**Student:** 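What follows is a single structure, and I will ask about it in a moment.
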Amino acid sequence: MPELVLELRSEEIPARMQAGAAAELQRLMERGLDKAGLTYDSVVCFPTCRRLALMAFNLPERQPDVTEEKKGPKVGAPEQAVQGFMKANGLSDISEAELRDTDKGQFYFVVRKIAGRPTAEVLPELLQEAIWSLPWPKSMRWAEGSAFRWVRPLKSILAVFDGKTLDFAPREGGGKGEVVHGLAATDQASGHPFMGRKPFTVTDFESYNRGLGEGYVLLLPGVRRELIEKLAS
């Protein structure tokens with residue numbers, strides 16, 4: 001099933017801030033996915049000194065269809081209440097509503113079947129919400145005309161789902177495809193700023209992790225720890 005790969009690359013951030021931000025970003029995305037009805041196997045966030053990387057594994061291709069019900073006024077209720085119910089639910093005639101017997105008498109109900117949206121359309125909204133609301137102990141603005149704040153200036157934003165770059169809608173003065181002011185989503189990542197090679201294309205977690213490794217960046221904390229212990233012994 002499809003994977004989501006997100007990378008927020010910035011100037012160097014203190015380790016104590018990155019660890020907390022990683023946990024919060026993971027929490028925000030899990031909450032957003034749950035609210036949107038998108039199932040997943042796991043959501044994992046990996047911090048390094050210059051990036052927050054988030055993966056969501058085995059996402060569905062689209063949301064499930066849902067049925068929405070709204071209870072209206074009782075049969076025989078004042079005409080003003082009936083008209084208000086019709087207007088609020090886009091009914092041209094009250095006969096379009098269902099009649100149901102309850103222990104308090106007959107009531108009007110509106111029942112709608114809402115088709116699920118493609119996951120690739122839902123994810124940009126969830127990601128923007130998580131990125132814009134991510135809290136920092138200290139933050140700054142660096143883009144004129146934007147309310148967006150971050151702990152250090154962001155350099156790039158990678159956002160890939162099912163091998164394709166996600167398409168973001170403008171937000172607060174941003175241009176087409178921009179996640180935040182001045183930065184559009186991309187499928188390109190890069191390794192260490194001095195030792196790494198040229199940028200590489202990301203299609204999934206495997207290609208992302210491999211490309212970082214070839215660029216002298218160890219994404220997985222356990223791998224970094226093992227190497228440090230080995231070199232220190």
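Treat the numbers as computed from the prediction; the structure is a model and nothing was measured.
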**Student:** Could you grab the distance from atom CG of Leu4 to atom CG of Asn58, nearest 0.5 Å is fine?
**Tutor:**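 Atom-to-atom, Leu4:CG and Asn58:CG are 12.0 Å apart.
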
**Student:** Can you tell me how far apart CG (Asp34) and OG1 (Thr39) are? Round to the nearest 0.5 Å.
**Tutor:**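 Going from the CG atom of Asp34 to the OG1 atom of Thr39 covers 9.5 Å.
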
**Student:** For the residue pair Thr201 / Gln188, report whether a side-chain donor-acceptor contact shorter than 3.5 Å exists.
**Tutor:**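 Yes - a donor-acceptor pair under 3.5 Å links their side chains.
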
**Student:** In Å, rounded to the nearest 0.5 Å, how long is the span from CZ of Arg51 to CZ of Phe46?
**Tutor:**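 That separation rounds to 13.0 Å.
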
**Student:** Under the 3.5 angstrom rule, does the side chain of Ser207 hit a backbone N or O of Asp204 as a donor-acceptor pair?
**Tutor:**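 A pair under 3.5 Å: yes.
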
**Student:** If you measure from the Lys or Arg side-chain nitrogens to the Asp or Glu carboxylate oxygens, is any gap between Lys35 and Glu129 under 4.0 Å?
**Tutor:**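 Result for this pair is no, no salt bridge flagged.
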
**Student:** Between Gln26 and Val43, is there a donor-acceptor pair closer than 3.5 Å when you use the side chain of the first and the backbone of the second?
**Tutor:**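 Between the backbone of Val43 and the side chain of Gln26 there is a qualifying donor-acceptor contact (under 3.5 Å).
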
**Student:** How long is the span from the CG atom in Leu6 to the CG atom in Leu52, to the nearest 0.5 Å?
**Tutor:**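 Separation between the atoms: 8.5 Å.
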
**Student:** Out of curiosity, Leu158 CG to Arg9 CZ, how far, rounded to the nearest 0.5 Å?
**Tutor:**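 Result: 10.0 Å between the selected atoms.
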
**Student:** Between the main-chain N or O of Glu96 and the side-chain N or O of Asp93, is there a donor-acceptor pair closer than 3.5 Å?
**Tutor:**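 No: the side chain of Asp93 does not pair with the backbone of Glu96.
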
**Student:** Is it the case that over 12 heavy atoms from other parts of the model lie below 6.0 angstrom from the CD atom of Gln106?
**Tutor:**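 More than 12 heavy atoms, drawn from other residues, nucleotides or ligands, come within 6.0 Å of this atom.
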
**Student:** State which residues pass ring-ring contact (aromatic ring centres under 6.0 Å, His included) with Phe205; sequence neighbours excluded, sorted by chain then number.
**Tutor:**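 With sequence neighbours excluded, Phe205 shows a ring-ring contact (aromatic ring centres under 6.0 Å, His included) to Phe57, given in chain and number order.
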
**Student:** Run the side chain to side chain contact (heavy atoms under 4.5 Å, CB included) test on Asp162 and Met1 for me, step by step, so that the C-alpha distance in whole Å, both residues' side-chain angles and the decisive distance to 0.1 Å come before the verdict.
**Tutor:** CA-CA 8 Å; Asp162 198 16; Met1 294 178 73; over 6 Å; no

**Student:** Which other residues belong to the hydrophobic cluster containing Val82, where Ile, Leu, Val, Met, Phe, Trp and Tyr are joined when side-chain heavy atoms lie under 4.5 Å apart, directly or via other members?
**Tutor:**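 Val82 clusters with Val75, Phe85, Met86, Leu91, Ile94, Leu99, Tyr108, Val110.
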
**Student:** Look up atom OG in Ser133 and atom CD in Glu24, then write down how far apart they are to the nearest 0.5 Å.
**Tutor:**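 The CD atom of Glu24 is 7.5 Å from OG of Ser133, to the nearest 0.5 Å.
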
**Student:** Are a donor atom and an acceptor atom from the side chains of Ser10 and Arg152 found within less than 3.5 Å of each other?
**Tutor:**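 Per modelled atom types, Ser10 and Arg152 side chains form no pair under 3.5 Å.
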
**Student:** Does some side-chain heavy atom of Pro2 sit less than 4.5 Å from a side-chain heavy atom of Glu61?
**Tutor:**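 Sidechains of Pro2 and Glu61: in contact.
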
**Student:** Between the side chain of Arg62 and the main-chain N/O of Thr119, is any donor-acceptor distance below 3.5 Å?
**Tutor:**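 Pair absent, no side-chain N/O of Arg62 close to backbone of Thr119.
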
**Student:** Taking all non-hydrogen atoms of both residues into account, name the closest pair between Trp150 and Ile131 and its distance.
**Tutor:**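 Result for this residue pair: CZ3-O, 3.5 Å.
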
